[in-house]
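The basis for the numbers below is simple: all heavy atoms, side chains too, and nothing from hydrogens, waters or symmetry mates. Letters go in sequence order (proteins before strands), and every chain restarts at 1.
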There are 2 protein chains.
Amino acid sequence: MVTIYDIAEKTGFSPTTVSKVFNGYADVSQKTRRKILDTAEQLGYLPNAHARSLTTKRSWTIGVLFVEPSGAGILHPYFAGVIEGFKRVATSKGYDLMFISKDIGGKKSGYLEHCKIRGVDGVVVILPDYRDPYYAELLESSIPCVLLDQESVSKSTIYSDNVEGSKRAVEYLYALGHRRIAHIGGGQSFAGEKRMQGYLQAMKELGVPANPEYIIQGSYDYTVESGKHAMEELLRCKQVPTAVFAAGDNLAVGAMMAIREHGLSVPGDISIVGFDDIEMAKFLTPALTTVRQNTYLLGSRAADMLIYSIEEGASSQSDMISVELVVRDSCRPI
Amino acid sequence: MVTIYDIAEKTGFSPTTVSKVFNGYADVSQKTRRKILDTAEQLGYLPNAHARSLTTKRSWTIGVLFVEPSGAGILHPYFAGVIEGFKRVATSKGYDLMFISKDIGGKKSGYLEHCKIRGVDGVVVILPDYRDPYYAELLESSIPCVLLDQESVSKSTIYSDNVEGSKRAVEYLYALGHRRIAHIGGGQSFAGEKRMQGYLQAMKELGVPANPEYIIQGSYDYTVESGKHAMEELLRCKQVPTAVFAAGDNLAVGAMMAIREHGLSVPGDISIVGFDDIEMAKFLTPALTTVRQNTYLLGSRAADMLIYSIEEGASSQSDMISVELVVRDSCRPI
DNA sequence: CTGAAAGCGCTAACAA
DNA sequence: TTGTTAGCGCTTTCAG
């Protein structure tokens with residue numbers, strides 16, 4: 001391995017000067033700079049990130065904290081979209097991403113511990129279960145964080161405009177003539193609660209009395225299975241709803257399955273609106289009408305916010321990304 | 001930050017002894033060990049990974065090299081599945097994962113450079129485009145690597161039994177009575193070529209003359225669009241095939257779209273078999289018959305192999321994972 | 001504009 | 001069983 005000492009020796013300058021060159025200090029003459037850069041190139045010099053981090057207390061690493069209850073892990077399309085957006089901007093600003101788990105060194109520990117040991121500069125957290133004690137520990141720490149789909153006073157947060165999205169969905173259904181509009185909820189997650197709130201609010205504003213029978217909680221892991229079960233329950237109502245707004249596309253897919261198995265059709269008998277606009281949505285039959293979350297933007301904004309607070313030591317901010325109703329074929333006027 | 005010096009001072013032992021305790025050395029008395037461990041706990045001591053890596057030349061970090069031509073990035077279901085499997089075993093063995101890009105410090109460089117600067121212990125590479133010059137550089141290096149869907153003499157490799165998978169698909173179609181079996185290929189990727197080979201081989205073994213008109217190359221990024229275009233071309237044949245085997249589920253989805261837009265039905269007029277078994281496959285209408293790749297297993301085996309070669313300095317190995325035909329509703333007997 | 005000296009937190013011989 | 005010494009590769013005062 002070639003170090004700055006090798007370069008120093010070869011050029012006749014001191015390690016200090018060599019270091020300065022690589023750190024862009026102005027107080028090095030052009031000639032010196034050139035000579036050092038040239039020999040560095042020639043020797044194949046590459047800096048050692050660990051050594052650098054040790055002295056500077058800066059790792060240029062961002063931890064990615066992601067725990068997903070259903071075990072789908074990184075497969076979840078929401079997560080994947082967010083991370084992709086995050087990664088692009090983080091990379092362009094010089095940061096690398098590292099996965100943070102509860103384990104480190106093969107042993108149980110906790111997120112905060114893991115972050116500290118690895119010396120990450122900040123953390124992006126996507127974690128639906130806000131009751132995780134290890135998560136609380138992280139929130140109380142002084143490590144810069146940005147939280148997705150979460151509320152917090154101490155840390156930066158970012159999320160989609162879930163309330164507005166739900167309202168759009170319900171209003172759309174209403175405009176189509178639907179009145180018996182059911183909701184399959186996203187459970188006790190932040191997003192699930194907001195979407196529920198939007199549904200309730202829209203119903204109220206439209207003057208449609210909310211029928212408690214029409215509100216079924218799906219599980220907070222937004223699985224297809226859970227959507228199916230919820231729909232089966234809805235199908236048992238004496239007056240079956242004519243439309244259902246599901247808090248997630250997976251829930252909607254499950255609902256569609258249940259409806260079909262029940263011998264009914266979408267949108268013939270029941271109209272469906274989902275939430276997310278996962279890739280699959282447009283390939284379903286019928287193509288799913290849904291509220292699109294801009295996961296890529298969510299991710300890139302999250303990166304901007306986190307890096308800002310890392311570099312400027314800025315206090316927490318919070319941002320909301322607007323959503324969009326994507327009309328396809330799963331609803332019909334009645 | 002509390003260091004081993006703080007613990008040494010407080011307990012009256014030397015930093016060396018403290019270090020030994022944390023590294024599980026046997027030559028420390030039980031009493032000493034206890035005392036050190038207790039004060040460590042009490043002081044809230046956490047090791048510093050950078051300092052440790054600096055001396056040991058071991059980072060317990062594995063680089064994840066993933067470049068995806070279509071720009072879907074981490075969203076690609078194949079990638080996500082593999083990484084998920086990889087991550088589980090790597091984490092359990094004490095390694096953390098870090099994304100490796102061509103850039104580092106916000107500047108262009110190359111994978112090898114990036115890996116060296118970060119001091120990763122090994123790299124898992126998922127990279128369809130094997131002509132990337134930076135990739136070649138990495139292959140020639142001495143960094144332990146495991147390559148997915150790639151062939152190599154110098155590095156470990158792992159892939160699905162693509163040839164066998166294709167054969168199963170074609171044989172299935174043949175058994176259903178199909179003779180005009182077309183293939184939408186996966187382009188110039190390793191997997192694409194193997195799947196093509198399996199198709200050709202099966203046709204030959206079954207005594208069905210391969211019709212060159214029935215072989216269309218999709219693009220190597222396996223996009224839905226590309227599948228659609230390929231199918232449109234197939235639809236222009238004077239004798240339209242009765243079945244098509246697509247080298248990827250996305251290609252199959254595109255093919256189904258084209259068929260439908262053409263006023264034909266799947267499987268009524270044309271039967272379709274895909275490859276991958278992405279999550280969406282079972283929710284399509286008709287549910288897609290496809291060759292399932294065990295991405296999770298692919299990932300976990302890859303991790304095993306890589307870690308083995310990191311820790312034992314073992315030379316490269318290579319493994320193949322078997323695939324399975326999942327019969328659903330997109331084919332019919334004729 | 002350049003360099004000497006000290007130190008980041010940890011581990012690895014080697015002695016004791 | 002424990003401790004001394006040196007050093008991993010880099011940056012940072014501070015002095016020249």
Ring centres of B:Tyr78 and B:Tyr222 under 6.0 Å apart?
no
Protein-nucleotide distance (A:Asp6, atom CG; D:dC8, atom C1'), rounded to Å
13 Å
Please confirm whether the ring centroid of A:Tyr159 lies under 6.0 Å from the ring centroid of A:Phe190.
yes
For residues 30-56 of chain A, which residues have at least one heavy atom under 4.0 Å from DNA chain C?
A:Thr32, A:Leu54, A:Thr55
Any B:Asp121 side-chain heavy atom under 4.5 Å of B:Arg58 side chain
yes
B:Lys87 charged N/C atom sitting above A:Phe99 aromatic ring, 6.0 Å / 45°
yes
Under 3.5 Å, is there an N or O donor on one side and an acceptor on the other linking the side chain of A:Thr16 and the base of D:dT11?
no
Along DNA chain C, 5' to 3', what are the outermost nucleotides having an atom less than 4.0 Å from a heavy atom of chain A?
C:dC1 to C:dG9
How close or far is atom C1' of D:dT2 from atom CG of B:Asn23, stated in whole angstroms?
16 Å
For a quick check of understanding: with a heavy-atom distance under 4.0 Å over all strands, which category does A:Thr3 fall into, base, sugar-phosphate or nothing?
sugar-phosphate
Should we count CD of A:Glu137 as having more than 12 external heavy atoms under 6.0 Å?
yes
Apply side chain to side chain contact (heavy atoms under 4.5 Å, CB included) to B:Ile307 and B:Ile62, showing your working.
CA-CA 9 Å; B:Ile307 292 172; B:Ile62 289 175; 4.2 Å; yes
Can you tell me how far P of D:dC8 sits from CD1 of B:Ile4, to the nearest Å?
17 Å
Taking any heavy-atom pair under 4.0 Å as a contact, classify A:Lys57: base, sugar-phosphate, or nothing.
sugar-phosphate
For A:Gly119, report the nucleic acid contact type (base, sugar-phosphate, nothing); a contact means any heavy atom under 4.0 Å.
nothing
To the nearest Å, how far apart are A:Met1 CE and D:dC8 P?
12 Å
Using atom OH of B:Tyr25 as one end and atom C1' of D:dG3 as the other, report the distance to the nearest whole Å.
15 Å
Just wondering, do B:Ile126 and B:Ile83 contact through their side chains at under 4.5 Å, heavy atoms?
yes
Can a donor-acceptor pair be found between the side chains of A:Thr61 and B:Arg118 at a distance below 3.5 Å?
yes
Give the rounded distance in Å between these two atoms: CG of A:Asp27 and P of D:dT11.
14 Å
d(OH, B:Tyr5; P, D:dA6) in whole Å:
13 Å
Have a look at B:Ser29 and say if it touches a base, only the backbone sugar-phosphate, or nothing, with a 4.0 Å heavy-atom cut-off.
sugar-phosphate
Other residues, nucleotides and ligands only: do more than 12 of their heavy atoms fall within 6.0 Å of CZ on A:Phe22?
yes
